[in-house]
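Encoded as structure tokens, the structure appears first; notes follow it.
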Amino acid sequence: RALAKQAELRYQSAGEMIQDLSQFSESDAIGCEPPLPLEEIGRDHEPTFTASLPRTKRRYMLFLLAAVPVIALAGALLTLKKADRVKPAAYQAYLAAVPYLQRYEKTENLNKAISQLKQATQADPGFALAFAALGEAYTRKFDLTQDPSLLRQAESNASHALELNDSLARVHVVMGEVHKSFGRRELAQQEFLTASKLEPNDADALSGLAGEYAVNQRIQDAERLYRQAVALRPDSWDVYNNFGRFLMDQEKPEEAAEQFRMVIQHAPDNVAGYQNLAAALLRAGRLDEAEAPLRRAVGLDGSSWAVHINLGELYFRRGLLPQAEKETLRGIELNDRYWENWVNLAVIYRWWGRNDRAISAYRRAIPLVEELLKVQDKDATTWAELAEMHAYLGDIPKYSSAMQKAMALDPDNPQVLLSSADVHEVLGERRLAVELANKAVANGLRLAILDTDPEARKFRADPDFRPPGR
């Protein structure tokens, strides 16, 4: 497995290799070479060492020696107690889940992974890696569906994995991802740091740590770690995807597009690669180029709600409101539990002058947002979006409460400031709206975002709105 041609079939951490090695008892080695004990491998020996062996045996030794550095690293980092040895049926189910989990861009893959991993944990209740993988699968599925109940299942399984074996880097990586999804960024960073200390060359640990550094504005450190992760696993689409998303957050869509092209190069049937490439091209203002990858994504998976939502965004940016409505409604038909889908539809109707329909869409979004905020209560931008919806519906007390929470969490966030500016425009308070919009732009808000903001088209014409270069 260490020498598999396909990257997704290779060991992703030393912990996984140790789990395999732990399956062999001393009796399994009877009748087997190598002619040297394992601790001797890697020392200097005569060049004729393998020459006297038969051809097939010589090939075996060369492949073994190729894997020795990885085995040595695994042995140095982790040792499993006898009680930690995994039951064969459990490990077989775990191995069956791995390819599905590594292609987490599709919900059906995650469902298959979850099914296999449940079998693994039932077959061996002490199998820490299986519980960690189950926690990862639920976290990934939450990312795709935004169903808050999945986060609770993710936390339960990841926490149990940590209780079973806290010496595995993979367990800490998954726990870090769970904390991140809950908005517990300090705890997430601690878990990623622990994982990277246990396995300094774990690309997932480095990517996770990079994400936390980015949140804390340690941008150079974050970029360095993302590049290091890419160098460690250059055949994995996932590392390019993570790096690309970071570059998007840094308002570098052209550079992000190159990373998403690498995703497609390493996984040509990866729907997420095409979706993210289209999003980067849209952000870069290259609308004509964005449609092709979205059409390709539809061809790969016409049941992906995100593809249709992105197509709706493309048509909206082009001013084709009927087509934008159609694609957005199709996305909602496929997933009506994701609140941002309803917000996208409301924005289309606001531009279209259909305020009654916009209000109906917001009313569908609000309970979904409130449910999500029960588990992600530290997400300032989501609180700000909720405040904006309440203001549009005329519910001032609820608007005020939500916006206070947003401002308390991140008062300088440009998206939070823009939402606040929009609210004051809705309330007829132009001076405050312009003041907040100016601050949002000064704090890094892209002017292009204002092109699709229904309220911004009103206050941006005000002479007191003075973005750079105006």
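None of these values were measured; they are calculated from a predicted model.
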>> Could you go through Arg283 and Met248, starting from their C-alpha distance and side-chain angles, then the distance that decides it, and tell me whether this counts as side-chain contact (heavy atoms from CB on, under 4.5 Å)?
In response: CA-CA 8 Å; Arg283 182 80 61 87; Met248 287 283 281; 3.9 Å; yes
>> As an exercise, state the distance from CD of Gln250 to CD of Glu255, rounded to the nearest 0.5 Å.
In response: 10.0 Å
>> If we check salt bridge (charged side-chain N to carboxylate O under 4.0 Å, His left out) with Asp451, which of these qualifies: Arg317, Arg457, Arg460?
In response: Arg460
> Can you check side chain to side chain donor-acceptor pair (under 3.5 Å) on Glu155 and Tyr138, steps first, answer last?
Replying inline: CA-CA 9 Å; Glu155 183 174 36; Tyr138 281 125; over 6 Å; no
>> Set out, in order, the CA-CA distance, both residues' side-chain angles and the distance that settles salt bridge (charged side-chain N to carboxylate O under 4.0 Å, His left out) for Arg227 and Glu223, then state yes or no.
In response: CA-CA 6 Å; Arg227 292 189 183 279; Glu223 183 164 347; 2.9 Å; yes
> Would you call Arg431-Asp464 a salt bridge at under 4.0 Å N-O?
Replying inline: no
> Are Glu212 and Arg185 side-chain neighbours, meaning at least one heavy-atom pair lies under 4.5 Å?
Replying inline: yes
>> Has Ser156 got a side-chain atom pairing as donor or acceptor with Arg152's backbone, closer than 3.5 angstrom?
In response: no
> With the threshold set at 4.0 Å, does a side-chain nitrogen-carboxylate oxygen contact exist between Glu435 and Lys439?
Replying inline: no
>> Is the shortest side-chain heavy-atom distance between Pro454 and Val347 below 4.5 Å?
In response: yes
>> One thing to verify: whether Arg446 and Glu251 come together as a salt bridge, which I'm taking to mean a side-chain N less than 4.0 angstrom from a carboxylate O.
In response: yes
> Using a distance-only test with no angle check, is there a side-chain donor-acceptor pair under 3.5 angstrom linking Thr145 and Asp147?
Replying inline: no
> Sub-3.5 Å donor-acceptor pair from the side chain of Trp351 to the main-chain atoms of Thr452, do we have one?
Replying inline: yes
>> For the CG atom of Leu314 and the CZ atom of Arg295, what is their distance to the nearest 0.5 Å?
In response: 8.0 Å
> Hey, does the side chain of Asn157 reach the backbone of Ala132 with a donor-acceptor pair shorter than 3.5 angstrom?
Replying inline: no
> Salt bridge between Glu108 and Lys141, side-chain N to carboxylate O under 4.0 Å?
Replying inline: no
> Honestly, is Arg350 close enough over Tyr392, meaning NZ or CZ under 6.0 Å from the six-membered ring centre and within 45° of the axis?
Replying inline: yes
> Does a side chain donor of either Ser420 or Glu388 reach within less than 3.5 Å of an acceptor in the other side chain?
Replying inline: no
>> Could you tell me if the side chain of Met407 sits less than 4.5 Å from the side chain of Leu417, heavy atoms only?
In response: yes
>> Is it the case that the side chain of Thr328 and the backbone of Ala324 share a donor-acceptor pair, with hydrogens and angles ignored and the cut-off at 3.5 Å?
In response: yes
> Where the side chain of His424 meets the backbone of Val434, is there a donor-acceptor pair that is under 3.5 Å apart?
Replying inline: no
>> Do the side chains of Lys180 and Glu177 get close enough for a salt bridge, i.e. N-O under 4.0 angstrom?
In response: yes
>> Could you go through Asp453 and Leu418, starting from their C-alpha distance and side-chain angles, then the distance that decides it, and tell me whether this counts as side-chain contact (heavy atoms from CB on, under 4.5 Å)?
In response: CA-CA 9 Å; Asp453 187 301; Leu418 177 59; 3.7 Å; yes
> Roughly how far apart are Ile332 CD1 and Asn341 CG, rounded to 0.5 Å?
Replying inline: 5.5 Å
> Passes salt bridge (charged side-chain N to carboxylate O under 4.0 Å, His left out), Arg261 versus Glu258? Steps please.
Replying inline: CA-CA 5 Å; Arg261 288 189 178 96; Glu258 291 307 310; 2.7 Å; yes
> Between Ile219 and Phe246, does a side-chain contact (heavy atoms from CB on, under 4.5 Å) hold up when you go through it step by step?
Replying inline: CA-CA 10 Å; Ile219 304 303; Phe246 161 77; 4.0 Å; yes
> Which atoms form the tightest heavy-atom contact between Arg296 and Pro268, and what is the distance?
Replying inline: NH2-O, 4.0 Å
>> Within this structure, what is the NZ-CH2 distance for the pair Lys405 and Trp383, rounded to the nearest 0.5 Å?
In response: 3.5 Å
>> Would you say that Ile366 contacts Leu393 through its side chain, given a criterion of any heavy-atom pair below 4.5 Å between the two side chains?
In response: yes
> Got Asn241 and Gln259 here, is their nearest side-chain heavy-atom distance under 4.5 Å?
Replying inline: no
>> Can a donor-acceptor pair be found, under 3.5 Å and without considering hydrogens, that links the side chain of Asn216 to the backbone of Arg218?
In response: no
>> What's the separation between atom CG in Leu320 and atom CG in Leu311, rounded to the nearest 0.5 Å?
In response: 11.5 Å
> Can we say Glu136 and Arg170 salt-bridge, meaning some charged N sits less than 4.0 Å from an Asp/Glu carboxylate O?
Replying inline: yes
>> Any carboxylate oxygen within less than 4.0 angstrom of a Lys/Arg side-chain nitrogen, looking at Asp288 and Arg286?
In response: no
> Any salt bridge between Asp410 and Lys378, counting N to O under 4.0 Å?
Replying inline: no
> Would you say the side-chain atoms of His266 pair up with the backbone N or O of Pro234, donor to acceptor, closer than 3.5 Å?
Replying inline: yes
> If we only count heavy atoms from C-beta on, is the Arg140 to Asn109 side-chain gap below 4.5 Å?
Replying inline: no
>> Taking Asp301 first and then Lys106, would you say they form a salt bridge - that is, a charged N and a carboxylate O separated by under 4.0 Å?
In response: no
>> How long is the straight-line distance from OH of Tyr315 back to CD of Glu291, given to the nearest 0.5 Å?
In response: 4.5 Å
> How close do Leu117 and Ala97 get, heavy atom to heavy atom, and via which atoms?
Replying inline: CG-CB, 3.6 Å
> Can you check side-chain contact (heavy atoms from CB on, under 4.5 Å) on Gln275 and Phe260, steps first, answer last?
Replying inline: CA-CA 9 Å; Gln275 288 180 191; Phe260 297 136; over 6 Å; no
> If you look at every heavy atom in Ala384 and Val416, which pair is closest and at what distance?
Replying inline: CB-CA, 4.0 Å
> Between Trp342 and Asp336, is there a donor-acceptor pair closer than 3.5 Å when you use the side chain of the first and the backbone of the second?
Replying inline: yes
> Does the ring center of Tyr104 lie less than 6.0 Å from the ring center of Trp237?
Replying inline: yes
>> The test is ring-ring contact (aromatic ring centres under 6.0 Å, His included); show your working for Tyr338 and Trp305 and say whether it passes.
In response: CA-CA 10 Å; Tyr338 190 26; Trp305 61 266; 4.9 Å; yes
>> Go through it in stages, so that I can follow the logic: the residues are Asp238 and Ser236, the test is side chain to side chain donor-acceptor pair (under 3.5 Å), and I'd like the CA-CA distance, side-chain angles, deciding distance and then a yes or no.
In response: CA-CA 5 Å; Asp238 181 61; Ser236 170; 5.1 Å; no
> Do any pairs count as a ring pair (Phe, Tyr, Trp, His ring centres under 6.0 Å) and have a residue in residues 155-195, sequence neighbours left out, and if so which ones?
Replying inline: Phe131-His160
>> One thing to verify: whether Arg103 and Glu105 come together as a salt bridge, which I'm taking to mean a side-chain N less than 4.0 angstrom from a carboxylate O.
In response: yes
> Can we say Glu455 and Lys458 salt-bridge, meaning some charged N sits less than 4.0 Å from an Asp/Glu carboxylate O?
Replying inline: yes
> Would you say Leu110 and Tyr100 make side-chain contact, with heavy atoms under 4.5 Å?
Replying inline: no
> So, do Asp166 and Val171 sit near enough that their side-chain heavy atoms are less than 4.5 Å apart?
Replying inline: no
> Looking only at atom types and distance, does a side-chain atom of Asn310 sit under 3.5 Å from a main-chain N or O of Ala306, one as donor and one as acceptor?
Replying inline: yes
> Do Thr121 side-chain atoms and Lys118 backbone N/O form a donor-acceptor pair below 3.5 Å?
Replying inline: yes
